[in-house]
Peer 1: 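Can you keep this structure in mind? I'll have questions shortly.
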Amino acid sequence: MLVVAIFWLLMALTATNARQFAAIGAKTKEDWILDLTGLFVQGLLIPLLQFTLVLQLYHFALPALQDRFAFSAGTIFLLGFVFVDYLYYWNHRLLHSRWLWNLHKVHHTMTDRDVLGTSRNTVWTSFLIIYLWIHPFFIYCLAEPSWYILAISFTSALDLWRHSAIEPTPGSFFYRLLSPWLILPKDHAWHHAASTTIGNYGANFKLWDKLHGTYYPSRHLPNHLGIQTKLSFVQKLTFPFNCKKLFQLIKSP
């Protein structure tokens, strides 16, 4: 419920900004389909798979670990909000490697900071993001996973916010409070810069980028966002599987 509330709050704030609202209205039909498909996959399909198929997989493969670990509420929250964030940092860097970039680059075709584009990806990329596999594992192993679920809900909410253009004014109280440690929308905008995808791989924390030399300071916004690709619309949805050819084979006598 927290994530849904944050999503609609960000949409409402976006609607109050004329430039941002106009940018959403100018989205192409293809962009709408890509973004809404991505939101469906990561917002509904992936959680459904996490709490059904993947949990059952762990129940079958690791029966001795079910409800095995009992930690304090604070430790469990840090496990979900900090430790998993560090794992995601490396997962994200791997998606930018030469082996997986072709799958992930669709996410970088966004040309505006837009909460609707948070989950833009090929359908198959979601299965390579560790959240699908790591969240059910910890929920399965923890005797009381409610604080873990709260932590990952905050991470999901921050993911939506990070892709929006809603951010604290530089120099304000909230900016001074959050900027030293949290990845802000302005920080993530440089990750989506048109010239190159440079650093700022972290989801929640700047610490990982600073620790590993991939942090790019953001005193201002990049001039342009988004990269160009030669992928067709169908490929942007289904790459690396050419479903168009598959459909043609099915239809052929």
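All of these numbers come straight from a predicted model, not from anything done at the bench. The first residue of the sequence shown is numbered 1, and numbering continues consecutively from there.
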Peer 1: Not counting sequence neighbours, which residues clear side-chain hydrogen bond (donor to acceptor under 3.5 Å, both in side chains) with Thr214? List them please.
Peer 2: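 Partners of Thr214 by the side-chain hydrogen bond (donor to acceptor under 3.5 Å, both in side chains) criterion, ordered by chain and then number, come out as Tyr89, Asp209.
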Peer 1: Could you give all pairs that pass the salt bridge (charged side-chain N to carboxylate O under 4.0 Å, His left out) test and reach residues 39-62, with sequence neighbours left out?
Peer 2: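 Qualifying pairs, neighbours excluded: none.
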Peer 1: Can you see which heavy atom on Val115 is nearest to which on Thr118, and at what distance?
Peer 2: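 Looking at all heavy atoms of both residues, the shortest contact is O-OG1, 2.7 Å.
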Peer 1: Phe51: what forms a side chain to side chain contact (heavy atoms under 4.5 Å, CB included) with it, not counting sequence neighbours?
Peer 2: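 Scan of Phe51 (side chain to side chain contact (heavy atoms under 4.5 Å, CB included), adjacent residues dropped) gives Leu55, Ile139.
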Peer 1: Between His96 and His108, how do the two ring planes meet: parallel, tilted or perpendicular, split at 30° and 60°?
Peer 2: perpendicular
Peer 1: Looking at side-chain heavy atoms only, is the closest gap between Val41 and Thr37 below 4.5 Å?
Peer 2: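 Yes; the side chains approach each other to less than 4.5 Å.
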Peer 1: Once side-chain hydrogen bond (donor to acceptor under 3.5 Å, both in side chains) is applied, do any residues pair with His212, and if so which ones, sequence neighbours excluded?
Peer 2: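 Once residues adjacent in sequence are excluded, the partners of His212 under the side-chain hydrogen bond (donor to acceptor under 3.5 Å, both in side chains) criterion are Tyr86.
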Peer 1: Quick one: do Leu95 and Phe205 end up in the same hydrophobic cluster if we chain Ile, Leu, Val, Met, Phe, Trp and Tyr together by side-chain heavy atoms under 4.5 Å apart?
Peer 2: yes
Peer 1: I need the full list of salt bridge (charged side-chain N to carboxylate O under 4.0 Å, His left out) pairs touching residues 6-30, with sequence neighbours left out, sorted by first then second residue.
Peer 2: Arg19-Asp112, Lys27-Asp35, Lys27-Asp114
Peer 1: What is the distance from atom CG of Asn17 to atom CD1 of Ile24, rounded to the nearest 0.5 Å?
Peer 2: 9.5 Å
Peer 1: Report whether Leu49 and Leu44 are members of the same hydrophobic cluster (ILVMFWY, side-chain heavy atoms less than 4.5 Å apart, transitive linking).
Peer 2: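 Leu49 and Leu44: one cluster.
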Peer 1: Check the hydrophobic clustering (I, L, V, M, F, W, Y; side-chain heavy atoms under 4.5 Å; chains of links allowed) and say if Leu132 and Leu48 are grouped together.
Peer 2: no
Peer 1: Please report the interatomic distance CZ(Phe21) to OG1(Thr14), rounded to the nearest 0.5 Å.
Peer 2: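 The distance works out to 10.0 Å.
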Peer 1: More than 12 non-hydrogen atoms from neighbouring residues, nucleotides or ligands closer than 6.0 Å to CZ on Phe127, yes or no?
Peer 2: yes
Peer 1: Does Trp161, at its CH2 atom, have more than 12 non-hydrogen atoms belonging to other residues, nucleotides or ligands within less than 6.0 Å?
Peer 2: yes
Peer 1: What pairs meet the salt bridge (charged side-chain N to carboxylate O under 4.0 Å, His left out) rule with one or both residues in residues 167-185, with sequence neighbours excluded?
Peer 2: Arg113-Glu167
Peer 1: Between His224 and His192, does the ring centre distance come in under 6.0 Å?
Peer 2: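 For His224 and His192, the ring centres are not under 6.0 Å apart.
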Peer 1: Anything under 30° is parallel, anything over 60° is perpendicular, the rest tilted; go ahead and classify His107 against His188.
Peer 2: tilted
Peer 1: Keeping the roles fixed (side chain from Arg162, backbone from Ala203), state whether a donor-acceptor pair exists under 3.5 Å.
Peer 2: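 Flag set: sc Arg162 to bb Ala203 pair under 3.5 Å.
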Peer 1: Has Trp8 got more than 12 heavy atoms of other residues, nucleotides or ligands less than 6.0 Å from its CH2?
Peer 2: no
Peer 1: Decide if the gap between the ring center of Tyr201 and the ring center of Trp208 is smaller than 6.0 angstrom.
Peer 2: no
Peer 1: Given the side-chain rings of His163 and His191, with only the six-membered ring counted for Trp, is the space between their centroids under 6.0 Å?
Peer 2: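 No: the rings miss the under 6.0 Å criterion.
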Peer 1: Using only heavy-atom distances, determine whether the side chains of Asn204 and Thr155 contain a donor-acceptor pair under 3.5 Å.
Peer 2: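 Checked: Asn204/Thr155 side chains pair up, N/O donor to acceptor below 3.5 Å.
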Peer 1: With heavy-atom distances below 4.5 Å as the criterion, would you say the side chains of Arg120 and Val106 are in contact?
Peer 2: yes
Peer 1: Is a side-chain N or O of Gln50 found less than 3.5 angstrom from the main chain of Thr52, in a donor-acceptor match?
Peer 2: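 Looks like no, no N/O pair under 3.5 Å.
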Peer 1: Residues in side-chain hydrogen bond (donor to acceptor under 3.5 Å, both in side chains) with Trp133, at least two apart?
Peer 2: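 With neighbours one apart ignored, the set is empty.
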Peer 1: Measure up the Tyr58 and Tyr140 rings against each other and bin them: parallel (under 30°), tilted (30 to 60°), perpendicular (over 60°).
Peer 2: tilted
Peer 1: Under the salt bridge (charged side-chain N to carboxylate O under 4.0 Å, His left out) definition, can you give me all pairs with a residue in residues 80-102, not counting sequence neighbours?
Peer 2: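 Every pair satisfying salt bridge (charged side-chain N to carboxylate O under 4.0 Å, His left out) with a residue in residues 80-102: there are none.
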Peer 1: Is the side chain of Thr169 donor-acceptor paired with the backbone N or O of Ser172 at a distance under 3.5 Å, no angle test?
Peer 2: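 A pair under 3.5 Å: no.
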Peer 1: For Ile166 and Pro185, work out which heavy atoms get closest and say how close.
Peer 2: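 Closest approach of Ile166 to Pro185, heavy atoms only: O-CG, 3.5 Å.
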Peer 1: Does some side-chain heavy atom of Leu62 sit less than 4.5 Å from a side-chain heavy atom of Phe137?
Peer 2: yes
Peer 1: According to a 4.5 Å side-chain heavy-atom criterion applied to Ile, Leu, Val, Met, Phe, Trp and Tyr, with indirect links allowed, do Leu103 and Met110 form part of one hydrophobic cluster?
Peer 2: no
Peer 1: Can you name the side chain to side chain contact (heavy atoms under 4.5 Å, CB included) partners of Ser119, sequence neighbours left out?
Peer 2: Leu39, Gln42
Peer 1: For residues 69-83, which side-chain N or O atoms pair as donor and acceptor with protein atoms under 3.5 Å away, sequence neighbours left out?
Peer 2:
residue: Ser72; atom: OG; partner: Thr75; partner atom: N; Å: 3.3
residue: Ser72; atom: OG; partner: Thr75; partner atom: OG1; Å: 2.8

Peer 1: Would you compute the distance between atom OG1 of Thr109 and atom CG of Leu231 and round it to the nearest 0.5 angstrom?
Peer 2: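 Here the rounded value is 9.0 Å.
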Peer 1: Restricting to non-hydrogen atoms, name the atom on Ala189 and the atom on Pro222 that form the minimum distance, rounded to 0.1 Å.
Peer 2: O-CG, 3.7 Å
Peer 1: Would you call Leu221 and Trp190 a side-chain contact if the rule is heavy atoms closer than 4.5 Å?
Peer 2: no
Peer 1: Considering all heavy atoms of both residues, which atom of Gly202 and which atom of Ile183 are nearest to each other, and what is their separation?
Peer 2: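 Heavy atoms of Gly202 and Ile183 come nearest at O-CG1, 3.8 Å.
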Peer 1: Looking at residues at least two apart in the chain, or sitting in another chain, which of them share a side chain to side chain contact (heavy atoms under 4.5 Å, CB included) with Ser97?
Peer 2: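 Here the qualifying residues are Leu94, Trp99, Leu100.
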Peer 1: Which heavy atom in Leu160 sits nearest to a heavy atom in Phe7, and how many Å separate them?
Peer 2: CD1-CB, 3.9 Å
Peer 1: Looking at Tyr215, I'd like to know if the NZ or CZ of Lys206 sits under 6.0 Å from its six-membered ring centre while staying within 45 degrees of the ring's axis.
Peer 2: no
Peer 1: Does Ile129 form a side chain to side chain contact (heavy atoms under 4.5 Å, CB included) with Tyr88? I'd like the steps, not just the answer.
Peer 2: CA-CA 8 Å; Ile129 297 175; Tyr88 174 78; 4.2 Å; yes
Peer 1: Is there a side-chain contact between Tyr148 and Ile152, using heavy atoms and a 4.5 Å cut-off?
Peer 2: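 Contact flag for Tyr148/Ile152 side chains = yes.
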Peer 1: Output the distance between atom CD1 (Ile130) and atom CG (Leu87), rounded to the nearest 0.5 Å.
Peer 2: 4.5 Å
Peer 1: Using side-chain heavy atoms (C-beta onward) and a distance below 4.5 Å, is Met11 in contact with Leu116?
Peer 2: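 Yes, side chains in contact.
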Peer 1: Give me the ring orientation class for His135 and Tyr131: parallel if the planes are under 30° apart, tilted from 30 to 60°, perpendicular past 60°.
Peer 2: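 Aromatic pair His135/Tyr131 classed parallel.
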Peer 1: Between atom NZ of Lys236 and atom CD1 of Ile33, what is the distance when rounded to the nearest 0.5 Å?
Peer 2: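 Here the rounded value is 11.5 Å.
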Peer 1: Please determine whether side chain to side chain donor-acceptor pair (under 3.5 Å) holds for the pair Thr125 and Thr122, giving the CA-CA distance in whole Å, both sets of side-chain angles, and the decisive distance to 0.1 Å.
Peer 2: CA-CA 5 Å; Thr125 304; Thr122 70; 2.6 Å; yes
Peer 1: With side chain to side chain contact (heavy atoms under 4.5 Å, CB included) as the test, would you mind laying out the steps for Tyr175 and Leu184 before giving the verdict?
Peer 2: CA-CA 9 Å; Tyr175 183 86; Leu184 301 180; 3.7 Å; yes
Peer 1: Test of understanding: clusters of I, L, V, M, F, W, Y form through side-chain heavy atoms closer than 4.5 Å, transitively. Do Phe40 and Val4 belong to the same one?
Peer 2: yes
Peer 1: I'd like to check the side chain to side chain contact (heavy atoms under 4.5 Å, CB included) partners of Asn102; sequence neighbours left out, ordered by chain and number.
Peer 2: Lys105, Phe239
Peer 1: Which atoms form the tightest heavy-atom contact between Ala157 and Ile6, and what is the distance?
Peer 2: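 Taking Ala157 first and Ile6 second, the nearest heavy atoms are CB-CG1, 3.7 Å.
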